[in-house]
Amino acid sequence: MSSETDTTHVDPKQLPASSFTDSDLARIGLVNSAAENSRRLVEYALMVGEDQAQAGDYVQQAKVVYANDSLMGDAVIAERVRGTSWEVIAEAAGVTAEEAEQKWGGTERRWRRATPVTSVHRKDPGFFAARADEYITTDKPRVHAAVRRPLSASLDAATHLTGRDVAAADRAFAGAPVCPSCSH
């Protein structure tokens, strides 16, 4: 069992912005993007369910919800930060590696060049990690409460407070065995 599941709680808002790694920042951005897309889909479902729409609203709102490619861009960034190749990303997306790099390579480069001045996630990662924690641990996601744990429990920035093994967490995040001698 990974020590990431320890009960030590860290308030990510109290951590200095400089303590968040690229992996932390990419994951924070991805969770916030997923949560925002989820909120949009809930609003869409409510509009349809409550029949509050005018003629054409169903299609117009669906177009708005799905026109935003930020979730895919954030997912690609998180994969690239963890070392995933363009070939693997391309296979998952159903495109060629060249098409994947052409479509999302610029998004990745912009993300890597971002600074606290140009990126709200880099300026105040603790705020966005706390926001993600709140979203993940409330009743909004349809996940059994017993398996929920906050994003901040697995952030590298909390390592110095929890004593978590960052190298093991990085191996687990990359899908590699955590323990060299076993399959954890």
Side-chain angles (χ1 to χ4, degrees), residues 1-46 64-84 89 92-93 104 107-108 110-175 178:
M1 175 179 277
S2 170
S3 61
E4 284 187 45
T5 59
D6 292 344
T7 57
T8 304
H9 295 285
V10 175
D11 181 358
K13 291 188 257 183
Q14 302 301 316
L15 296 171
S18 61
S19 67
F20 290 84
T21 65
D22 279 353
S23 176
D24 290 342
L25 294 169
R27 292 176 57 226
I28 290 167
L30 179 56
V31 170
N32 278 279
S33 184
E36 183 58 35
N37 279 291
S38 175
R39 286 184 198 99
R40 285 188 194 121
L41 287 173
V42 167
E43 289 172 11
Y44 182 76
L46 290 173
V64 169
V65 168
Y66 288 104
N68 184 345
D69 193 32
S70 68
L71 181 61
M72 183 61 105
D74 288 337
V76 168
I77 289 166
E79 290 287 358
R80 293 291 295 156
V81 168
R82 69 190 282 202
T84 305
I89 291 169
W104 297 296
T107 302
E108 178 195 3
R110 283 187 297 280
W111 183 86
R112 290 190 185 275
R113 286 191 313 259
T115 68
V117 173
T118 62
S119 167
V120 294
H121 292 126
R122 289 185 188 271
K123 181 178 183 180
D124 194 357
F127 169 81
F128 289 98
R131 190 166 111 177
D133 285 350
E134 180 181 358
Y135 184 81
I136 289 169
T137 59
T138 66
D139 289 333
K140 291 176 186 172
R142 301 290 183 234
V143 178
H144 188 271
V147 298
R148 291 186 197 156
R149 67 186 175 101
L151 169 73
S152 61
S154 65
L155 294 177
D156 298 337
T159 300
H160 67 282
L161 297 177
T162 64
R164 194 169 49 84
D165 182 353
V166 175
D170 287 344
R171 287 191 298 275
F173 187 62
V178 175

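Bear in mind the structure is a predicted one, so any value in this text is a computation, not a measurement.
With respect to D22 and R122, a salt bridge is recorded, a charged nitrogen being found less than 4.0 Å from a carboxylate O. Residues R112 and E108 are paired through a salt bridge, judged by an N-O separation under 4.0 Å between the basic side chain and the carboxylate. No salt bridge links E134 with R131; every basic N to acidic carboxylate O contact stays at or beyond 4.0 Å.
The CD1 atom of I28 sits 9.0 Å away from atom CG of D133, with the distance rounded to the nearest 0.5 Å. Taken from CG in D24 to NE2 in H121, the straight-line distance is 12.5 Å, to the nearest 0.5 Å. In this structure, R113 CZ and T118 OG1 are separated by 9.5 Å, a value rounded to the nearest 0.5 Å. The line from CD1 of I77 to CH2 of W104 is 11.5 Å long, rounded to the nearest 0.5 Å.
Using a 4.5 Å heavy-atom cutoff, the side chains of N37 and S70 are in contact. Within the 4.5 Å cutoff, the side chain of R80 has heavy atoms near those of the I89 side chain.
Smallest separation of non-hydrogen atoms from A130 and P12: N-CG, 3.6 Å. D74 approaches S33 most closely through the heavy-atom pair OD2-CB, 2.9 Å. In plain terms, the two heavy atoms of S19 and P16 that are nearest each other are OG-O, 2.7 Å. Minimum heavy-atom separation, S119 to A114: CB-CB, 3.8 Å. Here the shortest heavy-atom pairing between N32 and A132 reads ND2-CB, 4.0 Å.
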Task: Trace of the side chain to side chain contact (heavy atoms under 4.5 Å, CB included) decision for Y135 with V31 - done: CA-CA 9 Å; Y135 184 81; V31 170; 5.6 Å; no
Open item on the list: Please determine whether side chain to side chain contact (heavy atoms under 4.5 Å, CB included) holds for the pair V120 and F127, giving the CA-CA distance in whole Å, both sets of side-chain angles, and the decisive distance to 0.1 Å.
Closed with: CA-CA 10 Å; V120 294; F127 169 81; over 6 Å; no
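Under the side-chain contact (heavy atoms from CB on, under 4.5 Å) criterion, A75 pairs with L30, not counting sequence neighbours.
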